[in-house]
Amino acid sequence: MSDAPASSEAADSGSAAPRPGAKARVRIKKRRVLAVGIPLLALAGISLVFGMMMAVAADLPALEQIPQVAKSKNSILYDVQKRPLTTLRSNDGRVLVSSRQISPNLKNAVIAIEDERFYSNAGVDLQGIARAFYQDVIKGGAVQGGSTITQQFIKYARRAQNDRTLFEKAREAALAFHMTRNWSKDKILTEYLNSIYFGNGAYGIEAAAKTYFGSVPANAGCSPRKSRACASLLTPAESAMLAAIIASPSAFDPIAHPVAAKQRRDVVLRKMLEQGKIGVAEYRSAVLEPVPSQLTLPRLETPEGSEYFVTWVRQSLVDRVGARRAFEGNLRVRTTLDLDMQKAAERAVQSQLSWSGGPSAAVVVIDNSSGEVRAMVGGRDYNDRPFNLATQGQRQPGSSIKPFILAEALARGYSPGRTYPSRKREFKVPNGGGEYFVVNNFDNKYLGSASIADALTFSDNSVFAALGIELGTKSVAARAKRMGIRTPISTNYAMTLGGLEQGVTPLDMAHAYETFATGGNRIEGTLGTANGGPVAIDSISKVDGDGKLVLIERNKRRTERALSAGAAQTATTLLTGPVRSGSARRAQYGGFAAGKTGTTENSGDAWFVGFTERFTIAVWVGYPDGLKPMLTEFGGDEVTGGTFPALIWRAFVLEANRILDARRAKRDRDAAGDGGDGDTTTEPLPGEGGAPADGSPTSTEPSTDTPASRDGTGQDSPAPKEAPASKTPATPKPAPAPAPSPAPAAPSGGTGTGGGAAAPTG
């Protein structure tokens, strides 16, 4: 009886109850389908891959005409006025070396880090691909590559560094398989090492060995033409360094990023040890060797003084389009440099500092309207010291960090009239085991009580230390980053006075201060440098087969709000105080100026970063080889931000204004028909308007009255004249701020200690 309802229900539904064993038979059928289907699918996949390999086999003979021996056309750089700067050539014209001219240490190092199964794989490393796929999935992004050395060489040979589709990658894998069947492993490795880019203009292993290690006494005079190739002399440590660079010539540049470069080099050495290519004693000795600190570079054929900018923009171009295309793509690159402004910056430095000795200077000039770099002084002599102080020199900012504290305070709604005690201060360091951050003003001069406005004008350390700590050092660091500082900002108490674990560059300081000048907008561009840095390239074009210039990409201005317009306007007004009556009085030139000085303990670094309506200019003065006091260099007195840096800044602004006024006057004359034919455009780039496609210049000498489509302000229209010092700037229009109150003394800065950081003054 109990089964009746179930039977009735089954009958009503029109379906029979499943028979025992029916599900088992279904599972067996599925297994049979899978057992037959999977092999068929695998066979189809293998057939597809085999067919692709056979289809691309015809491409292999073309690789015998490897690009490094083929005649490629070099690219040419121009300044923003379309005047030739230089033809891009790799160091030593990429000298090719044979396998026997390459050190076994180098071969072992490259294989260890790039493709440890190079000699056993068939051009494609399935184990490496599987590992890379697993890591990428686990990490949630492409964090590990699976390409073999053979695949990398084919990528370079086929000029396929960018926009590589899945089909292109499969095609490369097929070619790599064919290549290993037709070329010896030694030939593949040799051609690979002769073709890749090692940074700093070093294309190919011989150029790299000479560039990074040509200054080593044991390598003096090395040259394959003398049967003593530089690449043949490489030690395990040197080989590991060059192998480390391959993954990212920019990130692992030992000159620009010595810490990251050494870490990567030591990884290579450890892999060489694990793979039995070096012994324990060799490994221990190699990791103790320093990374290269200077380069052996051929003389750049570019207008004197522009070498630092040219090498910087060259790397930016390589990062964007790849080394092969940058050097040999027949490009015509209009950079943002203005040769007239460049000469003005150099003369400004030379007017204050002796080139024969004493401290050096770095200068960066950025056009406020476009965010483009118009001038760059990176040191005394590029050929003697190619290290670029403007882009690579990370130095302590001293009190020039205070405007970022000011920006955060204004963003929080703090009034410029808010007062703090001006006296020696001691702040207990959190979790510091009883440690105190002690703050003193310069010469122990204090105001008793000072507003934020007064403290900025007279660079009062005690007030800004208290303000920064009250706001929170993490918040101040985040604000500085949003405004344009790309190096890590410390969050210890000493950072409130510029005592950072890692310094800042003049390039980033100019970029960040420009945010004040543009009403709170950080200016970038589509052709800007990596990680949101300033713009060095205005446009990229290419000469096609018919000799015509084809535009590839033009920089487009981008802005990102980093500070409210109101806060930026108020900050701009307050930053006129140091120039008007405070620590930067020597920067006065008769027009609108705002900025802040900075001096570290014992005058090891001196800064003035400021802006006019047209430009933001960062000036750093100091000794490039580490922290060295400058206690007597300013006519027997110490160097502060208000001395050499402010004077250099003023000298540049005066000459830059004369140049721009002369250009505007010439355009006005031409337009009126009194000074020429009325043509107000610059000379065309090669391929434009009948100009020779080879880029041959008639002259590379800058002229202050060259007709220009851009006058240095990034605009076609004339720049406005500077406002009188007593007036607020036309752009941006600052909000009113309280005038500084009288003080018994006007200290130029202060000295603070604590947290192990250098104490700033001024």
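Separation of atoms CD (Gln394) and OG1 (Thr487) is listed at 5.5 Å; rounding is to 0.5 Å. To the nearest 0.5 Å, atom CD1 of residue Ile205 and atom CG of residue Leu242 are 5.0 Å apart. Within the model, atoms CG of Asn105 and CG of Leu234 stand 8.0 Å from one another, a figure rounded to the nearest 0.5 Å. Asn330 CG to Ser75 OG: the interatomic distance, rounded to the nearest 0.5 Å, is 6.5 Å. One finds the OG atom of Ser248 at 8.0 Å from the NE2 atom of His257 (value rounded to the nearest 0.5 Å). Between Met179 atom CE and Ile154 atom CD1 the span is 4.5 Å, to the nearest 0.5 Å.
Minimum interatomic distance between Ala109 and Val268 (heavy atoms only, all atoms of both residues): O-CG1, 3.8 Å. Annotation for Leu300 and Asn383: closest pair N-OD1, 4.3 Å, computed over non-hydrogen atoms. Considering every non-hydrogen atom in both Ala256 and Gln392, the closest pair reads CB-NE2, 3.6 Å. In this structure, Glu289 and Ala237 approach most closely via the heavy-atom pair OE1-CB, 3.4 Å. In this structure, Val97 and Ala229 approach most closely via the heavy-atom pair CG1-CB, 4.3 Å. The two residues Ala176 and Gln151 come nearest to each other via the heavy atoms CB-CG, 3.7 Å.
Counting heavy atoms from C-beta outward, Leu507 and Pro534 have side chains that approach closer than 4.5 Å. For the pair Tyr119 and Leu189, the minimum side-chain heavy-atom distance is below 4.5 Å. Contact check for Leu337 versus Val373: no side-chain heavy atoms found under the 4.5 Å cut-off. Residues Ile246 and Phe198 are in side-chain contact: their nearest non-hydrogen atoms beyond the backbone lie under 4.5 Å apart. The shortest side-chain heavy-atom distance between Leu389 and Tyr308 does not fall under the 4.5 Å cut-off. Looking at Ile552 and Arg325, their side chains come closer than 4.5 Å, going by heavy atoms from C-beta outward. Side-chain contact between Met272 and Tyr283: absent, with no pair of heavy atoms (C-beta onward) separated by less than 4.5 Å. At least one side-chain heavy atom of Gln315 sits under 4.5 Å from a side-chain heavy atom of Ser250.
Between Lys262 and Asp266, at least one side-chain nitrogen of the basic residue sits less than 4.0 Å from a carboxylate oxygen of the acidic one, meeting the salt-bridge criterion.
The closest donor-acceptor contact from the side chain of Thr505 to the backbone of Thr391 lies at 3.5 Å or more, if one exists at all. Judged by distance alone, the side chain of Asn74 and the main-chain N or O of Leu88 form a donor-acceptor pair under 3.5 Å. Side chain of Glu307 to main chain of Gly305: a donor-acceptor pair is present (N/O by atom type, distance under 3.5 Å, no hydrogens or angles). With hydrogens and angles disregarded, a donor-acceptor distance shorter than 3.5 Å links the side chain of Lys542 to the backbone of Gly329. Formation of a donor-acceptor pair under 3.5 Å by the Glu206 side chain with backbone atoms of Cys230 is found in this model. A donor-acceptor contact shorter than 3.5 Å is absent between the side chain of Thr336 and the backbone of Ile537. Between the side chain of Asn194 and the backbone N or O of Leu96, no donor-acceptor pair lies under 3.5 Å. Asp115 places no side-chain N or O within 3.5 Å of a backbone atom of Ser147 that could act as its donor or acceptor partner. Side chain of Asp538 to main chain of Val80: no donor-acceptor pair is present (N/O by atom type, distance under 3.5 Å, no hydrogens or angles). Using modelled atom types, one side-chain atom of Thr296 and one backbone atom of Ser215 make a donor-acceptor pair closer than 3.5 Å.
The 12-atom threshold is exceeded at CD of Gln502, counting heavy atoms of other residues, nucleotides or ligands nearer than 6.0 Å. Around CD of Glu282, the count of heavy atoms belonging to other residues, nucleotides or ligands within 6.0 Å exceeds 12. Other residues, nucleotides and ligands contribute at most 12 non-hydrogen atoms within 6.0 Å of the CD atom of Glu304.
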Arg284 vs Leu288, side chain to side chain contact (heavy atoms under 4.5 Å, CB included): CA-CA, chis, key distance, verdict:
CA-CA 7 Å; Arg284 290 175 176 172; Leu288 294 177; 5.8 Å; no
Would Asp79 and Arg374 satisfy salt bridge (charged side-chain N to carboxylate O under 4.0 Å, His left out), going step by step from the backbone distance to the final call?
CA-CA 9 Å; Asp79 86 335; Arg374 291 286 179 254; over 6 Å; no
Can Ser541 and Leu551 be said to form a side chain to side chain contact (heavy atoms under 4.5 Å, CB included), step by step?
CA-CA 4 Å; Ser541 303; Leu551 179 67; 3.6 Å; yes
I would like to know whether Ile540 and Leu317 meet side chain to side chain contact (heavy atoms under 4.5 Å, CB included); could you show each step before the answer?
CA-CA 9 Å; Ile540 303 173; Leu317 183 64; 3.9 Å; yes
Mind running side chain to side chain contact (heavy atoms under 4.5 Å, CB included) on Thr86 and Arg314 for me, showing each step along the way?
CA-CA 10 Å; Thr86 192; Arg314 179 180 66 185; over 6 Å; no
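Under 3.5 Å, the side chains of Lys185 and Asn121 contain a donor-acceptor pair of N or O atoms. Looking only at atom types and distance, the side chain of Ser99 has a donor-acceptor partner in the side chain of Asp186 under 3.5 Å away.
Taking the six-membered ring where the residue is Trp, the centroids of Tyr197 and Phe327 are separated by under 6.0 Å.
Among the candidates Leu233, Asn219, Val291, Leu106, the single residue satisfying the side-chain contact (heavy atoms from CB on, under 4.5 Å) test with Glu238 is Asn219.
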